[in-house]
Amino acid sequence: MVVALCPLIMPAMKERVRDCVLKALKSMLENAGADTELLPPIKVEVPADEKFGDFSTNAAMTCAKPLKSAPRKIAQSLLEELKKDDLFSSISLAGPGFINFNIKPQKWAEDFSAIPDDSSGYGNHPKREGEKILIEFVSANPTGPLHIGHGRGAAVGDVLCRLLSKAGYDVTSEYYINDAGLQMENLGRSTLARYRKLLGKGGEFPESGYKGDYIKDIAQEVVDKDGDKYLDMPEEESLPFFVKYSADTILNGIKDNLKRFRVHFDIWTSEKSFHQSGKVQKGIDDLKKSGAIFEKDGALWLNSSADGDTKDRVVKRANGVVTYLAADIAYHKDKYERGFTKLIDIWGADHHGYVARMKSAVKALGQEPDSLETLLIQLVALKRGGKTVSMSTRGATFVTLEEVLDEVGEDAARFFFMTRSYESHFDFDLDLAKEQSSENPVYYVQYAHARISNIFRTAVEKEAMSGIGNIPTDVDWSVLIEEAELRIMKKSLQFPEMVSNWAEALAPHHITHYLTDLASMFHKYYNMHRVVTDDKKVTDARLALIARLQTVISNGLDLLGVSAPDRM
RNA sequence: GCGCCCGUAGCUCAGUUGGAUAGAGCAACGGACUUCUAAUCCGUAGGUCAGAGGUUCAAGUCCUCUCGGGCGCACCA
């Protein structure tokens with residue numbers, strides 16, 4: 001009977017090495033009559049430098065202290081134990097006491113052959129029970145178009161959703177629409193002023209109004225549709241229309257942008273709805289009872305300074321109007337009530353002063369503060385003509401996400417955003433991005449994918465394969481003896497573990513680096529060896545190899561939401 | 001003044017949660033298409049990891065301080 005090897009059930013190579021080391025350590029301790037409880041945590045990892053082997057462990061070094069013995073001496077006796085194992089082709093002692101392992105090539109090939117050859121899901125982890133994650137991101141006010149900074153947050157949030165989901169977590173994405181408060185009135189007034197001006201009635205433009213051209217466009221739409229209907233109406237009557245019309249129009253534009261950018265939201269939640277449903281007031285009342293909210297100077301305050309915030313924060317002003325924080329508390333309460341156990345909020349770094357009060361609010365709600373994780377996306381400094389473009393929605397000096405997408409494309413923008421940690425400032429030089437678009441790393445990775453597809457087309461043409469998708473089976477993997485081939489197998493096999501690591505670290509930028517490495521291995525291989533040759537055995541094995549490599553590349557690109565073209 | 005983030009090659013940034021001689025892309029220079037796509041590959045060059053202490057077998061990574069840059073310090077959102 002043939003047992004199908006499933007890459008998810010089969011322990012990864014690293015785990016098997018780890019087990020071997022632990023076993024050897026134990027037996028060494030027993031032989032020495034020592035207490036096996038003495039075992040300190042050990043690490044098995046892939047060395048940075050390939051010449052140190054496939055894996056290495058620091059076991060001998062961390063054991064040096066409890067065993068009161070020299071690291072190299074311990075390593076020597078461990079080595080004797082480990083040599084009995086069938087997994088390794090060589091084991092050696094190096095440096096201050098590292099033990100380095102090389103795995104037998106056929107063991108790598110066995111594992112590698114279990115990767116699907118049809119680009120179907122690889123690296124998917126089984127569902128993890130217990131945790132329900134909500135990722136809230138972008139959440140830009142519907143007062144203006146998305147700019148490049150929003151684009152970064154959108155890309156990070158969306159990729160994190162894809163990543164966590166692949167890693168087995170239950171993830172939901174949500175956009176919080178800040179459609180309440182003073183800024184909405186400000187928006188309505190701005191449109192109204194432009195509307196009046198279009199109809200020849202001057203009047204003052206609001207001092208802090210939104211000056212962008214998109215406001216004029218919206219006003220023009222109103223003129224085209226309704227003529228001068230609102231011109232002589234008292235402002236109390238016309239303003240609500242202008243607020244709603246402007247916000248709806250802008251929100252629709254935002255939705256279009258995000259759709260084009262392949263950023264998906266499961267849920268769109270309106271801030272206004274929390275005010276209207278009374279949940280904001282109820283949230284305040286509840287926290288008043290629990291003592292987290294107190295009254296002073298006629299206003300209501302959240303006692304956030306007790307939790308490390310620099311001061312207490314007003315939730316309801318003396319004039320009876322609630323603050324943004326009050327609505328946000330109600331919103332987060334609602335998230336927990338919907339059953340989410342882990343909240344990830346992705347904010348612009350300029351909101352970092354907000355973290356402490358939100359954590360405090362979460363605690364006041366009776367939740368574990370650590371159940372809320374705030375990721376701060378550092379600001380994007382946009383450069384054009386060597387100069388930094390300041391970005392202010394109200395001042396109307398910004399480059400929109402849409403403009404960037406027009407210039408560099410969705411694939412490049414998404415990939416580019418993910419080449420850096422979101423914790424780092426990001427200089428986005430538009431001229432450079434445009435100029436070097438053909439040199440962008442995204443093409444490097446996509447090209448590897450396309451080249452593989454092209455090899456398949458050649459193979460079919462030369463009748464080495466019966467058709468596209470008919471990857472040879474019954475492959476003799478032992479003919480793949482080239483160093484470049486083994487490297488591709490090893491790197492590919494790291495993918496599932498990497499998915500899990502990246503997800504746990506909430507560090508999506510590693511994906512692009514991994515893919516660039518993998519693509520580089522392929523391009524080198526391509527330049528050194530031919531896949532379609534006169535030797536059928538070798539051709540079959542190589543076709544099987546690159547089919548699996550292509551699976552990993554396409555799964556990686558899919559994580560990034562970047563296309564995997566068959567031709568370029 | 002207080003708080004958060006950052007400081008690594010000329011530029012933009014990684015650095016596998018503390019490991020071995022610190023890496024990649026771009027820019028520069030020199031090579032490789034009669035071949036499955038040269039959007040590729042090979043080679044050369046580039047560093048006091050801002051600085052000073054500390055923690056330990058081991059620090060770019062952790063702690064303290066100093067310097068430099070960004071961002072925040074609202075009864076705006």
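Every chain is numbered from 1 and lettered A, B, ... according to where its sequence line falls, protein lines coming before strand lines.
The residue A:Lys316 sits apart from the nucleic acid: no heavy atom pair falls under 4.0 Å. If you check every strand for non-hydrogen atoms under 4.0 Å, A:Ala459 touches nothing. Nucleic acid contact class of A:His449 (heavy atoms, under 4.0 Å, all strands): none. Among the heavy atoms of the strands lying under 4.0 Å from A:His509 are primed sugar atoms or P, OP1, OP2 only; no base atom is included. Among the atoms of the strands shown, none is found under 4.0 Å from any heavy atom of A:Lys296. Nucleic acid contact for A:Ser424: sugar-phosphate only, since backbone atoms but no base atoms lie under 4.0 Å from a heavy atom of the residue. A:Tyr526 comes within 4.0 angstrom of a nucleotide base, judged by non-hydrogen atoms across all strands. Nucleic acid contact class of A:Asn100 (heavy atoms, under 4.0 Å, all strands): base. Using a 4.0 Å heavy-atom distance criterion, A:Asn141 is classed as a sugar-phosphate-only contact. Residue A:Val46 is classed as a base contact, given a heavy-atom separation below 4.0 Å to a base. The residue A:Tyr354 sits close to a base: some heavy atom pair falls under 4.0 Å. A:Glu271 comes within 4.0 angstrom of the backbone, heavy atoms only, and of no base. Heavy atoms of A:Ala48 sit under 4.0 angstrom from at least one base atom. Residue-level contact check: A:Arg451 touches the backbone only, with heavy atoms under 4.0 Å from sugar-phosphate atoms and none from bases.
Contact of A:His352 with B:rG3 (side chain to base): a donor-acceptor pair of N or O atoms is detected under 3.5 Å. On a pure distance criterion of 3.5 Å, a polar donor-acceptor pair joins the side chain of A:Ser56 and the base of B:rA20. A donor and an acceptor atom sit less than 3.5 Å apart, one in the side chain of A:Lys51 and one in the base of B:rU21.
With a 3.5 Å ceiling on both atom-pair distances, B:rG18 lacks any Watson-Crick or G-U wobble partner. Using the Watson-Crick or G-U wobble rule with both distances under 3.5 Å, B:rG72 pairs with B:rC2. The nucleotide B:rG43 finds its pairing partner in B:rC29, both defining distances of the Watson-Crick or G-U wobble pair being shorter than 3.5 Å. With a cut-off of 3.5 Å on both Watson-Crick or G-U wobble distances, the partner of B:rA59 is given as none. Pair assignment for B:rC67: B:rG7, on the basis of Watson-Crick or G-U wobble contacts that are both within less than 3.5 Å.
As rounded to the nearest Å, B:rC71 and B:rA59 have C1' atoms that lie 28 Å from one another. Rounded to whole Å, the C1' atom of B:rU8 lies 14 Å from the corresponding atom of B:rG51. Comparing B:rA52 with B:rU16, their P atoms are spaced 23 Å from each other, to the whole Å. When the P atom is used for both B:rU55 and B:rC63, the distance is 15 Å, rounded to whole Å. Separation of the P atoms belonging to B:rA9 and B:rA22 is 14 Å when rounded to the nearest angstrom. Comparing B:rA24 with B:rG15, their C1' atoms are spaced 10 Å from each other, to the whole Å. Comparing B:rU56 with B:rG18, their C1' atoms sit 10 Å apart, to the nearest whole Å. As rounded to the nearest Å, B:rU48 and B:rC5 have P atoms that lie 27 Å from one another.
RNA chain B is contacted by both A:Thr310 and A:Val321; A:Thr310 maps to the nucleotide lying nearer its 5′ end (nearest heavy atom per residue). The residue among A:Ala349 and A:Asn178 whose nearest nucleotide of RNA chain B is located toward the 5' end is A:Ala349.
In this pair, A:His509 and A:His513 present their aromatic rings perpendicular. The plane angle is above 60°, beyond the 30 to 60° band.
Cation-pi geometry between A:Arg152 and A:Phe426 is not satisfied (NZ or CZ under 6.0 Å from the ring centre, within 45° of the ring normal).
The phosphate of B:rA39 has OP1 or OP2 within less than 4.0 Å of a side-chain N or O from A:Tyr447. The side chain of A:Lys311 places no N or O atom within less than 4.0 Å of a non-bridging phosphate oxygen (OP1 or OP2) of B:rC73. Of the side-chain N and O atoms in A:Lys43, one or more sit less than 4.0 angstrom from OP1 or OP2 of B:rG19. Put simply, A:Tyr514 has no side-chain N or O that comes within less than 4.0 Å of OP1 or OP2 on B:rA24.
A 6.0 Å sphere centred on CG of A:Asn319 holds more than 12 heavy atoms belonging to other residues, nucleotides or ligands.
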For a side-chain contact (heavy atoms from CB on, under 4.5 Å) check, start with the C-alpha distance between A:Glu423 and A:Leu376, then their side-chain angles and the critical distance, and finish with the verdict.
CA-CA 7 Å; A:Glu423 288 167 333; A:Leu376 300 173; over 6 Å; no
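As a whole-Å value, the separation of A:Met498 CE from B:rG15 C1' is 13 Å.
In this structure, a donor-acceptor pair under 3.5 Å is absent between the side chains of A:Tyr331 and A:Glu271. With no hydrogens or angles considered, no side-chain donor-acceptor pair links A:Tyr324 and A:Gln183 at under 3.5 Å. For the residue pair A:Gln494 / A:Lys14, no side-chain donor-acceptor distance below 3.5 Å is found, with atom types taken as modelled. With no hydrogens or angles considered, a side-chain donor-acceptor pair links A:Asp345 and A:His332 at under 3.5 Å.
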